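Quantities reported herein were computed from a predicted structural model and do not represent experimental measurements. Here is the naming used below: chain letters follow the sequence lines, and residue numbers restart at 1 for every chain.
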Amino acid sequence: MYLNINQTEAVNSIKGPCLILAGAGSGKTKVIISKIIYLINNCGYQSNHIAALTFTNKAAQEMKNRISEQICTTESKKIIISTFHALGMKIIRSELKTLGMKSNFSLFDEQDQIMLLKEISLKYLKENKNSLKTLLSFISNWKSKLLTPMQVLKLVKSKLERIFADCYKKYDNYLRTCNILDFDDLIFLPTLLFKNNLSARIRWQKKIRYLLVDEYQDTNEIQYELIKLLSNSDNNFTLVGDDDQSIYSWRGARPQNILLLKEDYPTLQVIKMEHNYRSSQRILKAANFLIANNPHIFKKNLFSELDYGSKIKVSITENEEHEAKKVVKKIISHHRIHHTTYNDYAILYRSNYQCRILEKILLHNHIPYHISSSFSLLSRPEIKHLISYLRFVVNPNDNNAFLKIINLPSRQIGSVTLNKLTTWAKKNKKSFFDASIDIELKKILTVRSINNLEKFIFWIQSIINLVELTPYDVLDNIVKDIKYEKWIYKNTIDPNIRTCKINNISIFSKWIKDMLKGNQTDTPLNLSQIITKFTLRDVIDNTVDNHDIDKVQLMTLHASKGLEFPVVFIIGMEEGILPHYSAIADNVDEERRLAYVGITRAKKELFFSYCKKRYQYGETLYPQPSRFLFELPQNDLIWTENIQIKNTNQLNILSLKKILKKQFF
DNA sequence: CTTACTACAGTTTTT
DNA sequence: CTGTAGTAAG
């Protein structure tokens, strides 16, 4: 692999802490991969002593793929390449004893968290999904500052904070007693462990002798702490980041971590990579113009030596359907003229819902496309439901799973029975499952309820006894016993959706089969591991081999980070969409970085578009073009029509409503 | 206890 | 507009 001077320096700096400030398209992944190979081949590191961390599964997958092209699979498989959360999971699983945990824990996703918090906060907060989300983010933020409920309770200032802190305490108690973890715990527990337990810390420092972190600007406080704790006395690690691509501050990411690093490690080597190998000069110029409107931590001067390239087009469209049609039409003609492949094209958007209309138009025109959403199959209700069954089988204390499966399919156990059950269980501090087998409870239930409940318990016990079988067989038995297909048949009217759902189930069970097969070298995954992998979305999509099939790529701007495409369309360039309503008042910088990420994905051609008219929730809006369009070098743009910049007093009603809502909240 | 209807809220991004 | 959650009738 050819490397330039800076890249070579970045690869060769293996003694002590090393920070690489890598601009978009400067060969960041290439450097990480080269460095890993260098460590193995030239520096005597064993591959199982190297860990590379990323933030998204997609990035981890990409890195795995690229590294297995370079070295043999047996070696590349030993390298830990995973997300922070997946590494946390690995640490927790191997430190169960030290942590005093049982192996059959459940992992809560956001929906589970909300469900639980709703229950907990019932007394304090009005039923309001918004306040639940706020509460959740408070708890998450506390956890990412390594604060326990007790510590938080001492710190609280306002009344509301006090309520939130109480909820945090209850929430935490609940999780611990039911043997449940949430996403934050996957970082929290290992960090706390390493802080308090030196031998555990040394154990892992010996295991991970060289640490690399991609997208370092996205680390939050606790992740930074974890990196510190994992690095041994020599501080041999490499962090790669770009503050202009920090787009996860809503998840607690702190780009300032880049600055802190210099204070914490005075010997830090800082290497800048400013040569962009991806985009035409014009595209890069546009990106630089845009991002110049943001404050900067480090000065950076990104340059390209490629052709100047063709002009950037801004297409003004009538409405969202017209917009989608224009994009698709452009792809068709471009494809024909330039003899490209379909996967040369990417359509990027701010929010997921924007892809629906595109999907419709693409389908209509028989253009192959692939939507990378955050794993669609696993978010389908029929699959989530099955996962709940599996979760309950592994951890019968998982009350959320219990509630989700108890009456689906209907077992004649309705809200009356469940209310009695849950209140009794709470009063007696038992899990719902333990409560259902308790003789005391039966005194307050009707005979019919008792019978129905006993029938269920008897059955689920028989399934629990199957856990020694393969996870695949467990699932198979559940699906058969609850006559799931029949139930779906009965409850789905549309025959297409019906087949789709039934098909999803077989895909799902095939996945489990594949996961068991794929790991034959190590000990096979158990059911608990499989479920947590699903919850973390840490699965490879085998249903479509995206690399072989030629498809137009559709994804959110967030999902596009780290990828590149010859031709990029960014749609919905409107005030309210990009920048998003919720950010217009206070966080435009991050939206700008988002636009920056989108622009820098493009290698050769870039298209923007926006609608003059848009329908949302049945309302008609007349959005203004995004301010970002005006921040670009106008000489490099071609607008499809002359725009009259309207009086911006004419803020549309919806955005006004949203802004007001936000301020009052 | 289930079904069917009505109202209502909601779309930011990910592990 | 669409999907969900809560309510009233069966």
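For the C1' atom pair drawn from dG3(C) and dT14(B), the interatomic distance equals 22 Å after rounding to whole Å.
Ring geometry, W511(A) versus F534(A): the interplanar angle falls under 30°, so the pair is classed parallel (tilted spans 30 to 60°). Between W459(A) and F456(A), the ring-plane angle classifies as tilted under the 30° and 60° cut-offs.
The ring of W250(A) lies on top of the base of dT13(B), close enough and flat enough: under 5.5 Å between centres, under 30° between planes.
Using a distance-only test at 3.5 Å, with no hydrogens or angles considered, a donor-acceptor pair links the side chain of D112(A) to the main chain of D109(A).
Closest approach to the T83(A) side chain among dT15(B), dC1(B), dG6(C) is made by dT15(B) (side chain taken as heavy atoms from C-beta onward). Closest approach to the Y353(A) side chain among dT11(B), dT14(B), dC1(B) is made by dT11(B) (side chain taken as heavy atoms from C-beta onward).
Here the closest non-hydrogen pair linking Q217(A) and A253(A) is O-CB, 4.0 Å.
Note on R356(A): only backbone sugar-phosphate atoms sit closer than 4.0 angstrom, heavy atoms only; bases stay farther off. Residue-level contact check: E590(A) touches neither bases nor backbone, having no heavy atom under 4.0 Å from any strand.
Two residues, K58(A) and R448(A), neighbour DNA chain B, and the one matched to the more 5' nucleotide by heavy-atom proximity is R448(A). The residue among I413(A) and R251(A) whose nearest nucleotide of DNA chain B lies closer to the 5′ end is I413(A).
Whole-Å rounding puts the Y248(A) OH to dT13(B) C1' distance at 7 Å. Distance CG (N451(A)) to C1' (dC1(B)): 15 Å, rounded to an integer number of Å. Between Q111(A) atom CD and dT4(C) atom C1' the separation is 11 Å, expressed in whole Å. Distance CZ (F84(A)) to P (dT14(B)): 18 Å, rounded to an integer number of Å. In this structure, E591(A) places its CD atom 14 Å from C1' of dT11(B), rounding to the nearest Å. Rounded to an integer number of Å, the gap from CG of L536(A) to C1' of dT15(B) is 6 Å. E619(A) places its CD atom 12 Å from the C1' atom of dC1(C), with the value rounded to the nearest Å. One interatomic measurement links the two molecules: CD1 of I114(A) to P of dG10(B), which rounds to 12 Å at whole-angstrom precision.
Taking side-chain N and O atoms only, T535(A) has no distance below 4.0 Å to OP1 or OP2 of dT15(B). Under 4.0 angstrom from either OP1 or OP2 of dT14(B) there lies at least one side-chain N or O belonging to T556(A). Within the 4.0 Å cut-off from OP1 or OP2 of dT14(B), not a single side-chain nitrogen or oxygen of N57(A) is found.
Not counting sequence neighbours, the partners of H385(A) by the ring pair (Phe, Tyr, Trp, His ring centres under 6.0 Å) test are Y389(A), Y484(A).
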